[in-house]
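A quick write-up on the structure given underneath.
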Amino acid sequence: QVRLVETGGGSVQAGGSLRLSCVGSGLTFSRYSMGWFRQAPGKEREGVAAIDIDGTTAYADSVKGRFTISRDNAKSTLYLQMSSLKPEDTANYYCAADPWIGAAIAIERHGSGMAYWGKGTLVAISS
């Protein structure tokens with residue numbers, strides 16, 4: 001059974017930083033494209049950042065230059081380093097995995113079709 005578990009969310013002031021982690025189990029992690037997606041209350045889910053099996057990355061325009069996605073296949077862990085956080089970054093953040101959908105498409109489709117999802121971690125940014 002595939003499990004994705006996100007940690008690292010919390011409440012910080014605008015301008016601060018957080019690092020999210022997503023640990024995968026039940027899958028050969030290195031064979032999956034991975035991504036971070038977020039959903040704010042009352043809004044649609046949006047793609048944040050994604051990374052292919054070869055390390056190619058894709059980002060939403062709203063986070064470019066502020067967020068960095070990375071992966072450690074040996075630890076089956078996906079990371080999202082977030083800095084210069086803004087109140088509009090407030091959302092539930094989810095990680096997702098898929099063996100076929102590439103990073104750029106995952107962001108473009110806001111995660112639609114991704115095979116496996118975690119339950120999310122809440123990020124709250126105060127002004």
Minimum side-chain heavy-atom gap [X]-[Y] below 4.5 Å:
{"X": "Phe29", "Y": "Met34", "value": "yes"}
{"X": "Arg45", "Y": "Arg38", "value": "no"}
{"X": "Arg19", "Y": "Leu80", "value": "no"}
{"X": "Trp36", "Y": "Glu6", "value": "yes"}
{"X": "Tyr94", "Y": "Thr121", "value": "no"}
{"X": "Leu4", "Y": "Trp117", "value": "no"}

Nearest-0.5 Å distance that lies between atom [atom1] in [X] and atom [atom2] in [Y]:
{"X": "Thr57", "Y": "Ile107", "atom1": "OG1", "atom2": "CD1", "value": "9.5 Å"}
{"X": "Gln13", "Y": "Ser126", "atom1": "CD", "atom2": "OG", "value": "5.0 Å"}
{"X": "Glu88", "Y": "Ser62", "atom1": "CD", "atom2": "OG", "value": "8.5 Å"}
{"X": "Phe37", "Y": "Ser112", "atom1": "CZ", "atom2": "OG", "value": "9.5 Å"}
{"X": "Asn92", "Y": "Leu122", "atom1": "CG", "atom2": "CG", "value": "5.0 Å"}

Apply the side chain to side chain contact (heavy atoms under 4.5 Å, CB included) test between Phe67 and each candidate in Leu85, Leu18, Leu20; give the one that qualifies.
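In the set Leu85, Leu18, Leu20, the residue that makes a side chain to side chain contact (heavy atoms under 4.5 Å, CB included) with Phe67 is Leu85.
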[X] side-chain N/O to [Y] backbone N/O, donor-acceptor pair under 3.5 Å:
{"X": "Ser127", "Y": "Pro87", "value": "no"}
{"X": "Thr90", "Y": "Ile125", "value": "yes"}
{"X": "Asn73", "Y": "Ser76", "value": "no"}

Hydrophobic cluster identity match, [X] and [Y], side-chain contacts under 4.5 Å:
{"X": "Val123", "Y": "Val48", "result": "yes"}
{"X": "Ile69", "Y": "Tyr116", "result": "yes"}
{"X": "Tyr93", "Y": "Val5", "result": "no"}

Under 3.5 Å side-chain donor-acceptor pair for Asp52 and Ser33
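Ser33 and Asp52 do have a side-chain donor-acceptor pair below 3.5 Å.
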Take Thr68 and Tyr59 through the side-chain contact (heavy atoms from CB on, under 4.5 Å) test and state the conclusion after the steps.
CA-CA 9 Å; Thr68 302; Tyr59 294 90; 3.9 Å; yes
I need the minimum non-hydrogen distance between Gly47 and Ala60, along with the two atoms involved.
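Taking every non-hydrogen atom into account, O-CB, 3.3 Å.
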Working for side-chain contact (heavy atoms from CB on, under 4.5 Å), residues Ser17 and Met82
CA-CA 5 Å; Ser17 299; Met82 306 186 293; over 6 Å; no
Ion pair check, Asp89 and Lys86, cut-off under 4.0 Å
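No, no charged N to carboxylate O under 4.0 Å.
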Please determine whether side-chain contact (heavy atoms from CB on, under 4.5 Å) holds for the pair Ile101 and Met114, giving the CA-CA distance in whole Å, both sets of side-chain angles, and the decisive distance to 0.1 Å.
CA-CA 7 Å; Ile101 296 174; Met114 298 286 282; 4.2 Å; yes
